[in-house]
S.K.: 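What follows is a structure written as structure tokens; I'll ask about it next.
Every chain is numbered from 1, with letters handed out A, B, ... down the list of sequences.
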Amino acid sequence: MPELPEVETLRRGLEHHFSRRRIVDVEIIGSRTVRRHASEEVPQLLVGSTVSKCGRHGKYLIVFLDSGIRMVIHLRMTGRLEIVTPPFLGDIKHLHARFRLDDDRELLFFDPRTFGEIFISTTKDADQLPDELASLGPDPLSEDFTLEHLAKVCKKRNAAIKSLLLDQNMIAGIGNIYGDEICYEAGVLPTKRASQLTDGELAKLYKATGQILLKAVERKGSTLSDKKYLDITGSEGQYQKHHRVYAKVGTPCTCCGNLILRVKISGRSSYYCPYCQK
DNA sequence: AGAACATCCTGCTAGC
DNA sequence: TGCTAGCAGGATGTTC
């Protein structure tokens, strides 16, 4: 499921294929994807506008339009964006939105589980983050994410560090895969209480967060066999080859050889090495 | 107020 | 072979 590295890979694809294009037609199929709006409202707001840039905050994609409004896209677990040249002959099952561009190509939004969402923000400050996303924590690849911020939010949380890493209002962009990989890289047990972390552990977690996410962006995200993430042109990510713990229960740790274990942390499967992580 | 759980949904898999 | 129960998970709303 798309987390920060996958969404950043999509953002780069959108920036390349979607920016400077004018939207000439919008078709919304079903009402669930645009649930904050009446379906017919979305084409009215978008058609005729030109995309000025494509941004991202955490797992949210933000398409800035020259009209001053922003289209926000969240893929949740199974949302997928694809740029195609019509006629599109692929499977249109689970197709929920179709944006036709002035170069005759189309941006398609698919989502089998329909958790994904598209909404339009018309709040002012057109260059800024939409008001709807104001409660999100800093994006870990931005300069707003500092060791001081991490230490501050950890100090007042008694829950497991893994839960805090997944809390989008604390840090925006980390999901279940990268949360486990970050804890492993930092040598910290995912079950460790956030408030109990030492300064040394906080520093390691902070460093690991940047390192793991940057490496994963370089490898264009993770594509797992059962959870089909694909980029905007239909290519797979490569970072799954570098996973050390995620979904590896029962296999030996690449560092010490002990078997990777699984534990549930607030309902989510978490994977860790009982020897390398303390 | 903070933490944990239920909910939305479909596709896949394990087990009979 | 075919059925079903169970699981997966991001964000939100609800409950304790």
S.K.: For residues His242(A) and Arg219(A), is any side-chain donor paired with an opposing acceptor at under 3.5 Å?
M.R.: yes
S.K.: What residues from residues 70-79 of chain A pass a heavy-atom cutoff of under 4.0 Å to DNA chain C?
M.R.: His74(A), Arg76(A), Met77(A)
S.K.: What is the nucleic acid contact for Lys59(A), judged by heavy atoms within less than 4.0 Å: base, sugar-phosphate only, or nothing?
M.R.: sugar-phosphate
S.K.: Do NZ/NE/NH1/NH2 and the carboxylate oxygens of Glu8(A) and Arg11(A) come within less than 4.0 Å?
M.R.: yes
S.K.: In residues 157-164 of chain A, what residues come within less than 4.0 Å of DNA chain B, judged by heavy atoms?
M.R.: Arg157(A), Asn158(A), Ala159(A)
S.K.: Taking any strand in view, what nucleotide pairs with dT12(C) in a Watson-Crick or G-U wobble way, both distances under 3.5 Å?
M.R.: dA6(B)
S.K.: Whole-Å distance between dA8(C) C1' and Ile265(A) CD1?
M.R.: 16 Å
S.K.: Tell me whether the ring of Phe115(A) lies stacked over the dG10(C) base, given a 5.5 Å limit on centroids and a 30° limit on the plane angle.
M.R.: yes
S.K.: With heavy atoms under 4.0 Å as the rule, sort Gln168(A) into base, sugar-phosphate or nothing.
M.R.: sugar-phosphate
S.K.: Expressed in angstrom and rounded to an integer, what is the separation of Lys156(A) atom NZ from dA3(B) atom P?
M.R.: 11 Å
S.K.: Do Tyr184(A) and Tyr271(A) have their ring centres less than 6.0 Å from each other?
M.R.: no
S.K.: What integer distance in Å separates Leu166(A):CG from dA8(C):P?
M.R.: 14 Å
S.K.: Give the rounded distance in Å between these two atoms: CG of Asp167(A) and P of dA3(B).
M.R.: 9 Å
S.K.: Ignoring hydrogens and angles, answer whether the base of dG10(C) and the side-chain atoms of Arg268(A) contain a donor-acceptor pair closer than 3.5 Å.
M.R.: yes
